[in-house]
Amino acid sequence: MSSTTVQAFPPSEEFAAQANANAEIYDRADADRLEFWAEQARRLDWATDFTDTLDWSNAPFAKWFVGGKLNVSVNCVDRHVAAGKGDRVAIHWVGEPGDTRDLTYSQLLAEVSKAANYFTSIGLQAGDRVAIYMPMVPEALISMLACARLGLTHSVVFAGFSSGALRSRVDDAEAKLVITTDGQYRRGEPAPLKTNVDEALGTGDDAAKSVEKVLVVRRTNHDPGLNWVEGRDVWWEDTVEQQSDVHEPEAFDSEHPLFLLYTSGTTGKPKGIVHSSGGYLTQVSYTFHYVFDHKEGRDVFWCGADIGWVTGHSYLVYGPLSNGATEVVYEGTPNSPNEHRHFEIIEKYGVTIYYIAPTLIRTFMKWGQQIPEAHDLSSVRLLGSVGEPINPEAWKWFRDVIGGGKAPIVDTWWQTETGAIMISPLPGVTATKPGSAMKPLPGISANIVDDQGNPVGAGEQGYLVLDQPWPAMLRGIWGDEERFRDTYWSRFAEQGWYFAGDGARYDEDHALWVLGRVDDVMNVSGHRISTAEVESALVGHSGVAEAAVIGAADETTGQGIVAFVILREGVENTGDELIAELRQQVSVEISPIAKPREINVVPELPKTRSGKIMRRLLKDVAEGRELGDTSTLVDPSVFEAIRSKKA
Ligand code: ATP
Ligand code: MG
């Protein structure tokens, strides 16, 4: 993946002519960054105007839009109804078994109001924490918005997590209310979920002390023997549904904590990231408008992320809804009931903007392009990618097969901690290079530096840092100030920069290439090689669907490159022949130094809920250690298969 020779894709004249963004907004932001952000904050409705844009005097604890007061749920719901858009569909919901439900903004307001009234009736008050452990049903979004409406800080826990993972998060946040469903659909079959909550919350001496109520939405209705704790457990239909659908909202301070969210845990124990109200909503709203070129009343947006991930918070709930968007929310997996599901949904609802992770794109490639080609995807006009570096092979496939050969792709770099998109092309403005996130958005400042904090030259690898505060930045790690300072602010303490933990480099056109985590940069005989680049070379081979690469301790070279690959559907594993071809591929694309020492063909890779590969666990396998924290893995059993296939 030599970036020098990469073909750039300039925006079409047609797209540029109608785009929300233009080159001039970079100049405006550069001229006066804080004024630019104040202007973006005015996209929102404030009950009390802010007096200062930023107070950074207590760095690294930022205050944005100081003195301002707003209600996040009013900004996402009420104001659209007040503006006469109540009949617009906010959410086209599609359940995994194929049931559907459309919610207009007026209906959403009624549902959010009922939930808010119920939460108030059980004594919850602004600042209390609520855990949401639910599949992607409408009530999950309704619950989040109802919390926001009351100033309750929500903590969404992915419904695929175990009871242990739920318990540690409930305890850490001292949640008073847990919202869940009786069960959830998993690949077409109903599976219990409330049971996990019971297990998590325990009984007697072992009971989770903070929890007063468990609110249960009926979803699968498959479990007649559902355990019920009198006084603690209530059905949504008996409580929320019985409330008035009118609720008078109050406004909260711009800095009021909107939510906690635990990171994926790809690099260690998950951290409870704290996000604010005003700054967070400003940046998610701004990025949704410009990065996705959103046109109110015309576009149909679909973000494929789960609400258990930050992408689901920012681009499934707060970004789209604060912009009055119409969006698709899909409950299930992409292959239920079969591999056509996503494309059927795009076709049925006329999805125009489609935002998913590279891992899903590679899965689609593995299934074969005849599947999307069986559908009319001509409504799609913009594509987005998030979660990991997208390999050029997948980028091109995405654009050609899903985007009709012309849809621009926004490769968006950001983190749970950044709250909103930070580095991305602007569609209609930026000429994109497949695999590059291109440059920081207007208002955002990033740099790539060496150990001492000196900017690195074009082509050199360095650390990605954010050298100016930004509105949606995390306000801390819940209950752990020291870990907050230590993780993000100690590396470049002198300069006061945020250390993102990712490696990156600029090419000679100053396009920015994210190379994956710093921990994932390998050192082979003194050469620094990025895991992302070796993986990209491996999936460049026509037989390979997915690849994960790690550096394992090696007596002679310091680290040796170990690769795990999944083959595409129908490709035969020819053993040594295939391995030789793959090593050759890496040698040609990168360098002979980057040739993997070991290549294992495996049936599956260990992934987090957001589809990220857990390289640290593969490293444990390769180095023959006990596995580290696996609490955020979707399916811990993949290791049996990997171990049995390992060379
Ligand atoms: P933990 O912080 O617990 O290890 P995590 O970093 O996987 O977990 P997230 O906040 O979901 O949790 O992921 C952010 C990371 O995802 C980024 O730091 C980066 O490594 C990667 N990433 C996200 N988007 C992109 C992108 N467009 N290009 C390259 N990398 C990306
Ligand atoms: Mg991270």
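For the single chain, residues carry numbers from 1 onward in sequence order. These values consider heavy atoms only, across backbone and side chains, with no hydrogens, waters or symmetry-generated copies. When a ligand or atom number is given, it counts from 1 through the structure's own listing order. From a predicted model like this one, the values you see are computed outputs, not experimental measurements.
- Side-chain contact check for Y315 and T287: at least one donor-acceptor pair (N or O, by modelled atom type) lies under 3.5 Å.
- With hydrogens left out, the protein atom closest to atom 29 (C) of ligand 1 is P389 N, 3.1 Å, a heavy atom.
- Taking the six-membered ring for Trp and the full ring otherwise, Y498 and Y488 have centroids separated by under 6.0 Å.
- The closest protein non-hydrogen atom to atom 26 (C) of ligand 1 is E388 O, 3.5 Å.
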For this session: Decide yes or no on side chain to side chain donor-acceptor pair (under 3.5 Å) for D451 and Y463, but give the supporting numbers first.
Result: CA-CA 8 Å; D451 265 319; Y463 303 108; 3.2 Å; yes
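- Atom 12 (O) of ligand 1 has its closest protein heavy atom at S264 OG, 2.9 Å.
- Every atom of ligand 1 with a heavy atom of K271 under 4.0 Å away is listed here by number and element: 2 (O), 3 (O).
- Using bins of under 30°, 30° to 60° and over 60° for the plane-to-plane angle, the ring pair W497/F492 lands in the tilted bin.
- Regarding atom 9 (P) of ligand 1, its nearest protein heavy-atom neighbour is T416 OG1, 3.4 Å.
- Proximity annotation for atom 6 (O) of ligand 1: of Q415, M614, R616, R517, R517 comes nearest, heavy atoms only.
- The ligand atoms of ligand 1 that sit less than 4.0 angstrom from a heavy atom of V514 are 29 (C), 30 (N).
- Annotation for ligand 1: atoms under 4.0 Å from non-hydrogen atoms of T412 are 24 (N), 25 (C), 26 (C), 27 (N).
- For the pair V310 and ligand 1, no heavy-atom separation below 4.0 Å is found.
- When heavy-atom distances to ligand 1 are checked against a 4.0 Å cut-off, W309 comes that close only through its side chain, counted from C-beta outward.
- Annotation: atom 7 (O) of ligand 1 to nearest protein heavy atom, T266 OG1, 2.8 Å.
- Looking only at protein heavy atoms, the nearest one to atom 16 (O) of ligand 1 is K612 NZ, 2.9 Å.
- The structure places CG of L617 at 8.0 Å from CG of D629, a figure rounded to the nearest 0.5 Å.
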For this session: For W395 and D411, run side chain to side chain donor-acceptor pair (under 3.5 Å): C-alpha distance rounded to whole Å, both residues' side-chain angles, the deciding distance at 0.1 Å, then the answer.
Result: CA-CA 9 Å; W395 195 102; D411 176 1; 5.5 Å; no
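- Scanning the protein for heavy atoms near atom 22 (N) of ligand 1, the closest one is G387 O, 3.2 Å.
- Ring to ring, F301 and H294 are not that close: their centroids are 6.0 angstrom or more apart.
- Side-chain rings of Y280 and F259 approach one another, their centers coming within less than 6.0 Å.
- Nearest non-hydrogen protein atom to atom 4 (O) of ligand 1 is T267 OG1, 2.5 Å.
- Between H342 and Y330, the ring planes are perpendicular. Angles over 60° get that label, and only those under 30° would be called parallel.
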